[in-house]
Amino acid sequence: MRVTPAASRALRHGHPWLFEGAITKQSFAGVAGDLAVIFDKKRCFLAIGLYDPDSPIRVRILHAGKPVLINRQWFQDKIATASAVRCPLRTQPVSRRTTGCRLIHGENDGLPGLILDRYENTLVLKLYTPAWVPHLHDILPALPAADRVILRLSRALTSKPERLYGLEEGMIVSGSALDGHVMFWENGLRFEAEPILGHKTGFYFDQRDNRARVEKLAGGKDVLNVFSYTGGFSVYAARGGARRVMSVDTSAAALAVATRNWNHNQQVPAVANSVHTTLAADAFETLARMAEQGRHFDMVILDPPAFAHKRKHLAKALSAYRRLAVLGINVLRKGGTLVQASCSSRVSADDFFDQINRGATEAGRSLVEIERTGHAVDHPISYPEGAYLKCLFAKVL
Ligand code: SAH
């Protein structure tokens, strides 16, 4: 196929997506998973990628530059390169042992629309486009050794069963069956996750480094972890010496796992000495009610789901982040620590941090930034949209 000059430039610069509107000529109508070869206006090879006729991202680029053969060996090399990036996680001391991490981060590791997470001996492969389905026979043998590989499918796939050729969401595509949950280590803490039923592939590995930062700041504090999911931040806060931790989430099922994760770490004296409570409730209503009741904390963690999935939701998302900042700050004692994150890739870091600062002004408090952070090492960023996670650590006076 041939593409617009702007798209040619973007592909040359390594952008992983070719949008449907940028295609100027296509030799034939392909099917999902076909390898699309893209030429520039001088008919020279530009890039090769996976074709998806049902997605506005019509081609997900596997390779740009000189022509290459895309085969099992090529996938194996890509997976090995991605694995090398994660070396720091494998060489940690026993006290910071980490056996759960992301091995392939889609576009950012050159395999667009494909995620691979490891939970000790279980791999979870998540696909975001049916274009990967015809290539699974090359991908599966190229994956690292494990007891089993679980397949997770995004809505783009589950809504098109005819493209799945018998594959199903949550099925084991190789290895033994899984009885219930998986157990793994993260920075020397023990966690369980539900890779078949859980969010993403079961755990938010992208927040690992931010959890470790919370641990460092939590000593002696009364901590409120809002949007806690399965309690990752809560357990780290406890190991960091938090006196009390309250986990708030609308999902009672996630909170039940949070309680179990807390219990899995009772061998850590600081966790055993800390007190954990959970509350299944809406974050916004809970924070507002706590402020009315004069309930205050020394640290408030706000890690909501993405507020902006589409560009048209951007303005609303920004104001929701500001409102959340105000609500969080209203339950913080003077000198308390605010930890607020956004995982909306459409919200820029500058806009997000700006909203929190405005929220502080609105709440009549001043905010001293400690650190602005992003992704953990197993979530590399190789294109602008890949930088989705932003997190602010600040002292609120
Ligand atoms: N901080 C977590 C990840 C949070 S994911 C971690 O480190 O693992 C977002 C969580 O927000 C989900 O568990 C979801 O159930 C919860 N959630 C979504 N909307 C909510 C709301 N209005 N009030 C409270 N929790 C909410």
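For the numbers below, each heavy atom of this structure counts, side chains included, while hydrogens, waters and symmetry mates do not. Whatever order the structure lists them in is the order used to number ligands and atoms, beginning at 1.
On a distance-only criterion, D249 and ligand 1 share at least one N/O pair closer than 3.5 Å. In terms of polar-atom proximity, R211 is counted as a contact of ligand 1, with an N or O under 3.5 Å from an N or O of the ligand. Remark: ligand 1 and N225 share no N or O pair separated by less than 3.5 Å (distance only, no angle test).
In this structure, of Y236, F227, F233, the residue bringing a heavy atom nearest to atom 4 (C) of ligand 1 is F227. Distances from atom 1 (N) of ligand 1 to the heavy atoms of D303, L255, L287 put D303 nearest.
Side-chain N or O atoms of T286 include one that pairs as donor or acceptor with a backbone N or O of D282 at under 3.5 Å. A distance-only check finds no donor-acceptor pair linking the side chain of D378 to the backbone of C101 [under 3.5 Å]. Judged purely by atom type and a 3.5 angstrom limit, K41 has no side-chain atom pairing as donor or acceptor with the backbone of S8.
Between D117 and K200, none of the side-chain N atoms (NZ, or NE/NH1/NH2) sits under 4.0 Å from a carboxylate O, so this pair counts as no salt bridge. Under 4.0 Å is where a charged nitrogen must lie from a carboxylate oxygen, and between E186 and R239 no such pair does.
Residues L103 and R86 share a closest heavy-atom pair of O-CZ, 3.3 Å.
Of the protein's non-hydrogen atoms, P305 CG, 3.6 Å is the one closest to atom 18 (C) of ligand 1. Of the protein's non-hydrogen atoms, T250 N, 3.2 Å is the one closest to atom 25 (N) of ligand 1.
Ligand-side atoms of ligand 1 in range of Y229: 2 (C), 3 (C), 4 (C), 8 (O), 13 (O), range being under 4.0 angstrom from any heavy atom.
Ligand 1 is approached by A281 to a heavy-atom distance shorter than 4.0 Å. Residue contacts with ligand 1: A283 is included, with a non-hydrogen atom under 4.0 Å away. Using a non-hydrogen distance threshold of 4.0 Å, D282 registers as a contact of ligand 1.
Partner of S228 under the side-chain contact (heavy atoms from CB on, under 4.5 Å) criterion, out of I301, L255, V248: L255 alone.
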